[in-house]
Amino acid sequence: MSEEPLKQLIKQSMDSLTQAIDTNTQVKLNEARHAAIKKSKHNYTVPWSWLLGAGTAVVMFLAVFLMQTQDAIPTHKEFVIFEDLDILTNEADTDFYQDLEFLTWLDANNIMDTES
Amino acid sequence: MTSTFTCYYNQNHSKLTQKSSVKMSTQSLNQQLDVFLREQQKQAYAIALIHVKQETDALDVIQEAMLAFVNAYRNKPQHTWRPLFYRILQNKINDHHRRQTSWLRIFFSHKDKDDLAAEQASDAPSPLAIIEIQNKGNHILNIIKKLPDKQKQVIIYRHWQQMSETETAQVMQISKGSVKTHLFRATQKIKSLTGASDV
């Protein structure tokens with residue numbers, strides 16, 4: 001006996017089962033389908049480019065900040081220069097320093113004159 | 001200078017073009033998935049309902065199967081989607097049965113078997129029963145429901161879903177020989193219950 005009529009009968013029975021699905025259930029099936037595609041892990045992309053850019057910006061900011069703070073702390077050489085600058089910018093009469101050798105000699109002669 | 005700028009511009013432009021083409025292919029793949037699942041969802045629901053017998057459970061199984069399929073097999077060739085989807089569906093149905101069995105075993109373990117049977121039986125007709133009542137002449141459906149699981153599945157996938165023996169074996173995760181065996185036994189059983197003269 002051919003099985004073709006049995007196959008047709010089985011197919012019709014199962015088709016009637018799908019046709020009897022009510023509207024409410026169809027709506028829920030549609031929602032399940034949309035949720036599955038939406039929730040799929042492939043649809044979520046980690047913004048690696050944003051993270052990389054933010055990290056680079058932070059590193060650059062720290063580098064500039066450290067460079068700026070290092071510039072603000074003077075070194076020993078700069079202290080010496082500052083001392084010289086202080087002397088140079090002093091408004092006192094500089095002729096005194098130009099005749100320093102003479103004044104030293106004079107001071108020594110005065111002492112000698114006093115002794116004599 | 002100009003050539004350097006042009007080269008830099010072309011590199012960035014090609015990167016942007018690649019990103020937009022990847023985004024577009026993802027969208028088109030999502031559309032294809034949507035079309036495929038829309039075509040299969042009613043049949044998948046009917047299969048789930050036959051196995052789990054409750055509408056809410058069947059919907060849960062469908063939801064899990066769709067999500068698992070999209071996550072695992074979206075990048076497979078499209079002609080392989082159908083057996084892969086029903087394989088996942090069958091696995092989710094089996095998982096559901098295992099969860100039900102373990103839950104009932106834990107909850108009802110201290111009770112007698114007769115009490116268990118009485119408690120498990122529901123007075124309210126299931127949606128499947130309602131459909132069966134509505135289709136009074138659909139005797140075959142009642143018979144299919146009462147078949148053992150493997151015979152039920154092979155009838156559904158071979159005769160209703162029109163899958164090949166290879167595809168059915170892939171869905172049920174058994175050999176082609178086992179598919180033939182289960183199909184033969186199921187067919188014989190249906191014929192004996194319906195009466196040889198009816199088919």
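So that the names make sense, note that chain A is the first sequence line, chain B the second, and so on, each numbered from 1.
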Under 4.5 Å between any side-chain heavy atoms of Asn30(B) and Arg74(B), yes or no?
->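 A side-chain contact under 4.5 Å exists here.
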
Inspect the contact between Arg38(B) and Asp34(B) and indicate whether a charged nitrogen and a carboxylate oxygen are less than 4.0 angstrom apart.
->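 Yes.
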
Would you please say whether a donor-acceptor pair under 3.5 Å links the side chains of Arg33(A) and Gln41(B)?
-> yes

Indicate whether the side chain of Tyr86(B) and that of Glu167(B) have a donor and an acceptor atom separated by less than 3.5 Å.
->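 There is no such pair (donor and acceptor under 3.5 Å, judged by atom type) between the side chains of Tyr86(B) and Glu167(B).
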
Tell me, side chain or backbone of Ile144(B) under 4.5 Å from chain A's heavy atoms, or both, or neither?
-> side chain

Hey, which of Ile155(B), Ile47(B), Leu59(B), Leu33(B) has the most heavy atom pairs under 4.5 Å with chain A?
-> Leu59(B)

Chain A interface, residue from His159(B), Gln161(B), Gln162(B) that has the most non-hydrogen pairs under 4.5 Å = His159(B)

